[in-house]
Amino acid sequence: MPKIEGTERIDPYRIRVPKGFVQGMKTEGIIFVDEILEQELEFDSVKQVANVATLPGIVGKSLAMPDIHTGYGFPIGGVAAFDAEQGIISPGGVGYDINCGVRLLKSNLTKDEVEPKIRELVDLLYTHIPSGVGSTGKIRLNYEELKKVVRKGAIWAVEHGYGDADDLKRIESHGCLDGADPEVISKKAYERGKDQLGTLGSGNHFLEVQYVDEVYEPEIAQAMGLFKNQVTVMIHSGSRGFGHQICDDYVRDMLQAAKKYGIELPDRELACAPFLSKEGQRYFSAMKGAANYAWANRQCLMHWTREVFLRVFKVSPKELAMRVVYDVAHNIAKEEFHIINGKRRRVVVHRKGATRAFPEGHPELPDCYASIGQPVIIPGDMGRVSFVLVGLQRAMDETFGSTCHGAGRLLSRTQAIKQAKGRAIKEELAQRGIVKICW
DNA sequence: ATGTCC
């Protein structure tokens, strides 16, 4: 018996949300869950998969990755592609934290070398990397400068001394989407964003010092410069108040647009506009600006991480060899080409809590990864392991080149806080040798 | 995710 009435199991890893689950579905939904994860499925998130299938111009199926949970309009873990000529774009399909994403750094240090200094290292990282709700950083930008960040993304950061050009190669889209328009972003967004560049944020955003515990594919690990017991750093952050404000502004805008273009919405949170309409293009340009801000943000966070490591371990930059393995966006909409029913089509792929996972040979991959596929970074939950994977052709065939984005969420934030009441999580982690600092 | 309610 399926957990959610009306859904059907296709195979051990997929369930179907048939047309008719909600009225007006143009295609079926597919959710990638095994029988264990199926037990955690929320009715609301399944309904959201079905609702997305009603939107104009949807191409292929309305998809959800294994870490699916209920989000704003679209489910988190949702992947949906819309025809670039006939389809829509929706802020709800990207999420409030535009270009929330993960960056993995490697070093030349080993676990044995870092362990004795982990307390000092973590303390200094905490001092130099601002975090928490509303946190501001060491970078103060005026509007003109922030507009440059909007246009140039991580390139802006490198040009201003935060890292070097080599870092840019191993960032999705090289850390900059062309076509970001600073003029379609509100004054309010600029106000919120101008002092927040180079800040981590809150919630599940983190900076974690890790080590390579196990290598499953030696050749792939080698191509990424990863080896057993090597110390790595994972950074999970996004576009802070800047992207949040842009999403907020455009959800309102798109509600009007949906009305104007006669788009029937099963849920107001699916507010959208035709991709080619001026409203659709305006959101897309603003979203690109927020995505670029997020890439500049992670670039700055990485730069200070590198500086802290250099100080604590008193080594030269060459000896430390702290380099980007890869940086992925997991909340974004992108114009891409995909083969659907044998035909190559230009589509707008919405990935909301889903990671791009392009296979070997894809033209968007940097040379160093051309023969192994795109690195995919999947953070685990606190105190557990994270994963580095590569995209395969199967992802291209089934999910528009996408996979899951993290550990998922079994409890809402408030539920989790309530359930954890009385627990000393910091001490629990300390007993397992994990040093944790949180604002 | 988020100046966790304009």
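Proteins come first, then strands; the chains are lettered A, B, ... in the order of their sequence lines, and each starts at number 1.
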message: Output the rounded distance in Å from CD (A:Q245) to C1' (B:dT2).
response: 10 Å
- request: Tell me whether the OP1 or OP2 atom of B:dT2 has a side-chain N or O from A:S202 closer than 4.0 Å.
  value: yes
task: Can you tell me the distance, in whole Å, between the NE2 atom of A:H236 and the C1' atom of B:dT2?
output: 14 Å
query: Within this structure, what is the CG-to-P distance between A:N331 and B:dT2, rounded to whole angstrom?
result: 11 Å
- request: Please state how far atom CG in A:D248 lies from atom P in B:dT4, giving the value in whole angstrom units.
  value: 12 Å
query: Between A:Y96 and A:R252, which is nearer to the 5' end of DNA chain B once each is assigned its nearest nucleotide?
result: A:Y96
- prompt: Think A:K352 forms a cation-pi with A:F74, using NZ or CZ under 6.0 Å from the six-ring centre and within 45 degrees of its axis?
  reply: no
- prompt: With no hydrogens and no angle check, is any side-chain donor or acceptor of A:K260 less than 3.5 Å from a backbone partner on A:A273?
  reply: no
query: With sugar-phosphate meaning primed atoms plus P, OP1 and OP2, does A:G95 contact a base, only sugar-phosphate, or nothing at under 4.0 Å between heavy atoms?
result: nothing
message: Heavy atoms only, 4.0 Å cut-off, all strands: where does A:E191 land among base, sugar-phosphate and nothing?
response: nothing
statement: Rounded to whole Å, the NE2-P distance (A:H244 to B:dT4) equals 9 Å
- request: Can you tell me the distance, in whole Å, between the CD1 atom of A:I417 and the P atom of B:dT4?
  value: 14 Å
- prompt: How would you label the contact of A:K352 with the nucleic acid (heavy atoms, under 4.0 Å): base, sugar-phosphate, or nothing?
  reply: nothing
A:R103 (side chain) donor-acceptor with A:M302 (main chain) under 3.5 angstrom: no
query: Parallel, tilted or perpendicular: which describes the rings of A:F275 and A:F284, with under 30° parallel and over 60° perpendicular?
result: perpendicular
